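Throughout, protein chains are lettered first and strands after them, A, B, ... in sequence-line order, and every chain is numbered starting at 1. Note that this is a predicted model, so its numbers are computed, not measured.
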Number of protein chains: 2
Amino acid sequence: MNQHPHFSVDDGDLALLTDLYQLTMLQAYWKEGMDERATFSLYFRKLPPTRRFMLACGQQYAAELATRLRFTDAHLASLAETGTFDDAFLDWLGNFRFSGDIWTLPEGTPVFENEPFMEVDAPIAEAQLLESLVMNLVQLETVLASKAVRIVSAARGRPVVDFGLRRMHGIDAAVRGVRAYRTAGLAGTSNVLGGLRHDLPLRGTMAHSYILAHDDEREAFRAFARHYPDTTLLVDTHDTLAGVDKVIELMAEEPSLRVAAIRLDSGDLGELAHRSRERLDAAGHADVKIIASSGLDEHEIAALLDDDAPIDAFGVGTEMGVAADAPVIDLSYKLVEYAGKPRVKHSTGKINLPGRKQLYRHHDDAGRMTGDVIARRDDVIEGAEPLLVPAVKEGQLDTATMALADGARERVERALDAMPETLKQIEPGKADYPVELSPALDRLRSRT
Amino acid sequence: MNQHPHFSVDDGDLALLTDLYQLTMLQAYWKEGMDERATFSLYFRKLPPTRRFMLACGQQYAAELATRLRFTDAHLASLAETGTFDDAFLDWLGNFRFSGDIWTLPEGTPVFENEPFMEVDAPIAEAQLLESLVMNLVQLETVLASKAVRIVSAARGRPVVDFGLRRMHGIDAAVRGVRAYRTAGLAGTSNVLGGLRHDLPLRGTMAHSYILAHDDEREAFRAFARHYPDTTLLVDTHDTLAGVDKVIELMAEEPSLRVAAIRLDSGDLGELAHRSRERLDAAGHADVKIIASSGLDEHEIAALLDDDAPIDAFGVGTEMGVAADAPVIDLSYKLVEYAGKPRVKHSTGKINLPGRKQLYRHHDDAGRMTGDVIARRDDVIEGAEPLLVPAVKEGQLDTATMALADGARERVERALDAMPETLKQIEPGKADYPVELSPALDRLRSRT
C-alpha cells in the first residue's frame, strides 16, 4: 500500500471535508472583493414518503464545530499542490475564522417541509464554506433519529436497544449514530464506544458463536449464566423451543442461577414468543423476560404487539442502522440573502423561501402542537413560540443555547406528547399538520 | 453540554468499537479456558434484489487494522466502570494482540452469495473480537463500491464524478467512501479530504449560490471564467437555455475566456442537453462539453444515453452516496470451526457452510469468468484460481498480499472485462452465474 491505511479523521482536518467548489467559490469571492453579509438556510423540501416528520438533530454540534474550523499549514500545502489556488488566497484561508451568527433549532425538534433547521449569517465566504460539512453532519443524525423515534413509538413503552453497529455506514455513523439514538429515546446500545461517548447504557447478550463453540447448548447456557447473573440467554441456535426447555431445566437443576431473559433471533417471533412465554410461565418463571431481535423494523414490531406477542424488549439493527426505508433526505443549504437583498433560485415546482427567517410553533391550551409558521426573522407571531435560537454570535458560541443540546432526549419526549396522533402514525402517508408562511414572508416571496 | 463535542475517532480507540457481547463472550471464554483455535467466515447470504454481484472492498484494510487493535489503560478503566468485567480479565485484555491468520479476497474482487470475503483463524477470543468492527468496515466500502460500479457501467465510458459528500452517512463514510469509489472506477470526486487521502482527482464546478450572490448571471459567469480558465459553468440557476445563451454571448464578447463545459442540474436533462448542444455547436463551440447532475442513478444515466443525450460526464451524489436502493447487505461473520471441529448453525432455509474454506474461480480460454467453487481450505480445484490470500500470518501483516489492495481499481476493470454480460446488466434480476460447492465441502456440510 502506498500509505499505512488509517481510519481516523481528526477534528482538526474537518475544514478540508468540503466540496472543492466551495474553495474555488471562496477564492472567487475573495478576488472579487465580495465580502458582504450573506444568509444561508438549511432545510429540506420533501419528507420521504415513509416519514410524517423529521427530528432535527446534529445542528447544534455542527454549529459548535463551525467555530473551530481552521486550515493548517499542511492543509494549505495540499491545496497549493492542486494548482488551483493563489498563494495570497491561501494566506487568507490560513487566517479563516468563522465570525458570523448561527441560528439553530434545539436538537430533537420535530421539523417539516421547508422549515429552517439552521440559518447562517456571515460574510459570504464564511457561510459558503460550511455548506458541505454541515449538511453531512446534520443529515446523519437527523436521518437516524427520525427512523429510531418511529421504532421507539412502535414499541409502545417497551425498551428498544440498538444492535446496529455492524450495519451502519462506517465509524462516524456508528459512534455518532448512538447520539441520535439517545435523542430518539432508545433504552440502550450494544455499541461500546458509541454508548460510552454518548451516554447511552451498554447492553449485550450472547452470539450464536458462543453456543456453537461449546459442544452442548445447555453447558453453554450454564457457563454463561454462572459468569453473568441476570443475563440473557440466546435460545434459537438449534431449535428455539428446545432451547427454552433447556433454560428451564437448567434453572431447575441450579436454582441459584438467575436468568433475566431469553432472546429470540429467528423464526416466527410472535408464535415463538407465545410458546416460550407459556413454557416459562408453566415452570414458574413469569419473571424471565423475552427479548426479540432479527431484522425488525417499526412495522414488524407494531404487528407483533398488535398480536399481543409477549415480548418485553426489542433489539434493532439493520433497518434502523441505515434508516433503510429513507437513508437520505434532500437537505438544501441555500443562499437566501446577500448584501441585504433577498435571493432565491427560481425552480419550477419547488418552493424557495427568500430572506432571513424564524420558525414559530403554535400550541393550544392543552399544550398540543397545532401548526407552524415560517416567518421573516423579525416577524413577531403572537401566541407562538420562536424555535430558532442563536447558537453562535459573532463567531462566539452561546453556551446557554448550546446547553439546549443536552436536553434533546427530553425535548423529543415532550414533542411526542404534544403531537397530534396523526403525526405519530407509522404507516406511510401525509400528516394533516399545517405549516404556513407568515404574511410578511409570503409578500417577500411574491416580490422576489 | 456535558462535554466538548468531538467528532474524531482515533484508530487507537477502535478496539472499543465493538458490541458489548463480544467482550462478555471473551471474558466467558477466558474464564472457561476456551482458547483453542477457531475459524470465523465473513460472507453474505443474499444479494440485494438490485445487485447481480457485490465488489468485496475494505477487507484488506480491516485485516491490517486487526493487527493494530489494542486496549489502552483508559479503555480498561471505562470497561471496569461497567461492573461487568473482572480485573484479571481486564489485565488479559490489556495484553490483547491478534496472533492469528487472516485470509482475504483481494480488494475489488466480485463476490456472490455465500462466498467468503475473509476467513479469520485464531484463538477463539481473538477471532470473536473482530466481528463487529470488521463487519462495519467491510460493509461500508462494499456497499458503496457495489453501487458505484453500476453507475460507472451505465455511463459507458463517460467520466463519473462523486458529488455525494453532503449526502453520505457521516465523516468516515464520506472519506473512506472515496476509496470505494476509486476502486469502482470513478473519475474524480468533489470531496477534498476524501480525494486527497484516497488519491482520486478533485473536481468541482460552481454552486447556484455563486450565481445568486451576483446581481447578474452573465457577470457571475464572466468573473468565474476569468478566475478559472477551462472551467465549468452552471447554467440552470434561472433558465437553462437562456443560461447557455449567456455563456455563448460571453465567449463571443471575450474570446480569450475559455469555457470547458456547462453543467445542467435540473429539469429534463436529456432534452436540455440536446438543445444546449445544438446552441453550442451552432455557435462554433463543439468543444464545450456538457456535464449533467441532479439526483442521477444508473437507470437514469442509461436512459439518457439510450436516448443519445449528448452528455459528456456525470456528477452523482445522493443515490450513490448512501447506495439508496441497497444501503445494507446481510453480512454474516460466523463461527465455522472450533478446536478442529466444523461448526454450523442449523437455520431453516439458510445455507451455512462449515469448516475453513477457499474460494476458486474458473475462467475459460478467452479469460471469461465461467463459475465459482466454494471449497474446503485444503481442496485443490484443478484449473481454477484460488482467490483467498493470506493477508495476516501469525499476527504479522503479509505485505506482499496487502499490496494487492493497491491494485483494486485495475482488478475491477479486469473483472468487468472478464464477466459475462448478464452480470453487468443493471436491471433487477438474478444473473445466471454458477456458484457450486466442492464435493468435499458438500460432504462436510451433509455430515455436520
Side-chain angles (χ1 to χ4, degrees), chain A residues 1 5-11 16-21 24-25 28 31-32 61 64 78 124 132 135-136 140 165-167 169-176 190 192-193 196 202 204-210 212-213 223-224 227 237-238 318 322 324 327-328 335 338 343 345-346 402 405-406, chain B residues 1 5-11 16-21 24-25 28 31-32 61 64 78 124 132 135-136 140 165-167 169-176 190 192-193 196 202 204-210 212-213 223-224 227 237-238 318 322 324 327-328 335 338 343 345-346 402 405-406:
Chain A
M1 266 167 290
H6 62 132
F7 297 86
S8 59
V9 177
D10 194 86
D11 280 18
L16 281 192
L17 191 60
T18 190
D19 289 304
L20 181 64
Y21 76 6
T24 50
M25 287 190 287
K31 287 190 178 192
E32 295 165 55
Y61 260 32
E64 194 277 348
S78 296
I124 189 165
S132 314
M135 289 173 79
N136 174 283
L140 174 70
L165 160 58
R166 64 191 61 192
R167 305 297 190 198
H169 277 200
I171 296 164
D172 181 43
V175 175
R176 205 146 42 86
S190 64
V192 176
L193 185 58
L196 290 175
L202 302 184
T205 61
M206 60 180 4
H208 297 116
S209 54
Y210 181 80
L212 290 171
F224 209 76
H227 301 319
T237 304
H238 301 297
T318 305
V322 294
V328 69
L335 179 73
Y338 179 64
R343 313 267 164 166
K345 178 180 182 312
H346 297 279
M402 286 300 293
D406 285 339
Chain B
M1 267 168 289
H6 63 129
F7 297 86
S8 60
V9 177
D10 194 85
D11 280 18
L16 281 192
L17 191 59
T18 191
D19 288 304
L20 181 65
Y21 77 6
T24 51
M25 287 190 286
K31 287 190 176 190
E32 294 165 56
Y61 259 32
E64 195 276 348
S78 297
I124 190 165
S132 314
M135 290 174 78
N136 174 283
L140 173 70
L165 161 58
R166 64 191 62 190
R167 305 297 190 198
H169 277 198
I171 295 165
D172 181 43
V175 174
R176 206 147 41 85
S190 64
V192 176
L193 186 59
L196 291 174
L202 302 184
T205 61
M206 62 182 359
H208 298 117
S209 54
Y210 181 80
L212 290 171
F224 209 75
H227 302 319
T237 303
H238 301 297
T318 306
V322 293
V328 70
L335 180 72
Y338 178 65
R343 313 267 165 165
K345 177 179 182 314
H346 297 279
M402 285 302 292
D406 286 338

Among [options], who wins on heavy-atom pairs under 4.5 Å with chain A?
options                        : value
B:T18, B:L202, B:V328          : B:T18
B:L335, B:D10, B:V175, B:V192  : B:V192
B:L140, B:T318, B:T205, B:I171 : B:I171
B:S78, B:S132, B:A174          : B:S132
B:R176, B:K31, B:M206, B:E32   : B:E32

Which heavy atom in B:K345 sits nearest to a heavy atom in A:T237, and how many Å separate them? CG-O, 3.4 Å
Which pair of heavy atoms, one from A:Y338 and one from A:R343, lies closest together, and at what distance? O-NH2, 3.0 Å
Is A:I124 in contact with chain B via its backbone, its side chain, both, or neither, using a 4.5 Å heavy-atom distance? side chain
A:H238, part contacting chain B, at a heavy-atom distance under 4.5 Å: both
Could you tell me the separation between the NE2 atom of B:H6 and the OH atom of A:Y61, rounded to the nearest 0.5 Å? 7.5 Å
Without swapping roles, check the side chain of A:H169 against the backbone of B:P327 for a donor-acceptor pair under 3.5 Å. yes
Among A:L212, A:L193, A:N136, single out the residue with the greatest number of heavy-atom pairs under 4.5 Å to chain B. A:N136
If you tally heavy-atom pairs under 4.5 Å against chain B, which of A:A173, A:G204, A:S209 wins? A:S209
Kindly indicate whether the side chain of [X], heavy atoms from C-beta on, has any atom under 4.5 Å from the side chain of [Y].
X      : Y      : answer
B:V322 : A:V322 : no
A:F224 : B:T24  : yes
A:L17  : A:V9   : no

At a 4.5 Å cut-off on heavy atoms, which part of B:R167 comes close to chain A: side chain, backbone, both, or neither? both
